[in-house]
Amino acid sequence: MTQTLSARPLSTADSQKLGFSNLRCRECGAEYEPVAKHVCELCFGPLEVAYDYDWLKRTVTRQSIQQGPHSIWRYRPFLPVTSERPIDVGTGMTPLVKAERLGRRLGLKNLYIKNDAVNMPTLSFKDRVVSVALTRAKELGFTTVSCASTGNLANSTAAIAAHAGLECTIFIPADLEAGKVLGSLIYNPTVMAVEGNYDQVNRLCSEVADRYGWGFVNINLRPYYSEGSKTLAYEVAEQLGWQLPDQVVIPLASGSQYTKIYKGFQEFVKVGLVADKPVTFNGAQAEGCSPIAQAFREGRDFVTPVKPNTIAKSIAIGNPADGIYALDIARKTGGQIQAATDPEIVAGIKLLAETEGIFTETAGGTTIAVLKQLAESGQIDPEAVTVAYITGNGLKTQEAIQPHVGHPLLISPKIESFEQALERARTLERLDWQEVSV
Ligand SMILES: *Cc1c(COP(=O)(O)O)cnc(C)c1O
Ligand SMILES: [Zn+2]
């Protein structure tokens, strides 16, 4: 296994140089070689990728980004890879949709949806983090990759490993939605369905990582993996015409994505690609697994682990690794971290579908439910530019929504049958309407 940095130069004036340098401990600042390592030996703090921002400032321009590929790799200098040819399966550059109809319903004048329900190749934001992690895994010489997953990460890892020709074993809780299990099996990895919740799966995987030397995207490769989420900040800034939004709403599982979107905005300011401006960071959790929202509500700066019980399985992490950092960001930006009940999550999925034509999974329903709470309680500014992050696709969590979408009208292939059914449908609609209007 080769664990050295490739010395291949970038095709820029500053050849031999890269945007990223070392891994640095978030707590004590100790630095390490950029290998597969995620915990500081001195203080057990999490390791993060460090960059040379002076070099980035000199090298990267709006134009150089715009001339790059139509994928996350247009931001390659801000990502922790050395390859000139990273694994590019078209991940990223998902639509930023101006949500006029949803905005009107919620009383928000400048609402946008960042739609990662259509991210490539597996229809969730996890394709971003996995594209980066597996590119780095190859650079570090791994031939087998793996992950502990609540579903979407498994789908991304299996698909992108297949594309890259890497061996793949994934670990999921045994009670996942059928769409998420099938969405991994189709790529033919080894799938371990563990009888336990995500936090137990994750603990098992830490042991496997130590014993087998595999590249676990969210464990020993975590510093690289998590950087992929920064592209959700870069894209929004670019799509808004090189400006930061005023406020964002982001779903929280481990809290990684939330903290990295914050880092992404800060980096763009630091290197002069956008003007500085305060961005309010709001977070969304499912009530049935809301350790970060509970800590926020109670004014604590530590997170007490919980046992998940919610339909929002993709964000059901009871012991969130980045919870304390998320709390810090919410507080210092004046944001909120709130929780939505399962019925509110279902209502959020339906509201987004009916107003914007976007079918999201339970995590996206959580974002919309919390956005609605914030709008109705006046905790977000109705005039300001607001971005709600929709991170996954509704076709993967059909169980959650099936009982709430009604049925098609079964008719015979005759005009009379159609007209009878139409009459019935109109009567039902009138009844529905009378019920809500009394
Ligand atoms: C994993 C996931 C999240 C949250 O991820 P963290 O970075 O762990 O907070 C949000 N939405 C979806 C759909 C996910 O799969
Ligand atoms: Zn440390």
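Every number for a ligand or one of its atoms is a count from 1 in the order of the listing. As the structure is a computational prediction, the values presented were derived from the model and not from experiment.
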When rounded to the nearest 0.5 Å, the distance separating CD1 of Ile113 from CG of Leu102 is 5.5 Å
Atom 11 (N) of ligand 1 has as its nearest protein heavy atom Thr391 OG1, 2.7 Å
Any N or O on Gly392 sitting closer than 3.5 Å to an N or O of ligand 1? no
So for Ser124 against ligand 1, with non-hydrogen atoms under 4.0 Å, the contacting part is neither
Between Glu267 and Lys230, is there a side-chain N and carboxylate O pair less than 4.0 Å apart?
-> yes
| message | For the 3.5 Å polar cut-off, considering only N or O atoms, please tell me whether Asn152 and ligand 1 meet it. | response | yes
| said: I'd like to know if Lys263 and Glu227 make a salt bridge, using a cut-off of under 4.0 Å between side-chain N and carboxylate O. | reply: yes
Ligand 1 to Glu361, heavy atom cutoff 4.0 Å, flagged ligand atoms 13 (C)
Ligand 1 to Ser256, heavy atom cutoff 4.0 Å, flagged ligand atoms 6 (P), 7 (O), 9 (O)
Nearest heavy-atom approach of Ala159 to Thr122 is CB-CG2, 3.4 Å
So the atoms of ligand 1 within less than 4.0 Å of a heavy atom of Ala363 turn out to be 11 (N), 12 (C), 13 (C)
Practice task
Indicate the ring-plane relationship of Trp214 and Phe216, choosing parallel, tilted or perpendicular according to the 30° and 60° boundaries.
Solution key: parallel
Test: Glu177 and Lys396 ion pair at under 4.0 Å | no
for atom 2 (C) of ligand 1, nearest protein heavy atom and its distance come out as Lys126 NZ, 2.4 Å
Would you call Asp322-Arg222 a salt bridge at under 4.0 Å N-O?
yes
Quick look: Phe125 vs ligand 1, heavy-atom contacts under 4.0 Å, and the answer is side chain
In this structure, atom 6 (P) of ligand 1 is nearest to the protein heavy atom Ser254 OG, 3.5 Å
Going by the 4.0 angstrom heavy-atom rule, the piece of Leu153 near ligand 1 is neither
Atom 4 (C) of ligand 1 sits nearest the protein heavy atom Ala253 CB, 3.6 Å
Per-atom filter on ligand 1: closer than 4.0 angstrom to a heavy atom of Gly255 are 6 (P), 8 (O), 9 (O)
**Lys109 and Glu383 ion-paired at < 4.0 Å** = yes
key: Expected output: side-chain Asn155 to main-chain Lys180 donor-acceptor under 3.5 Å   = yes
Atom 7 (O) of ligand 1 sits nearest the protein heavy atom Gln257 N, 2.8 Å
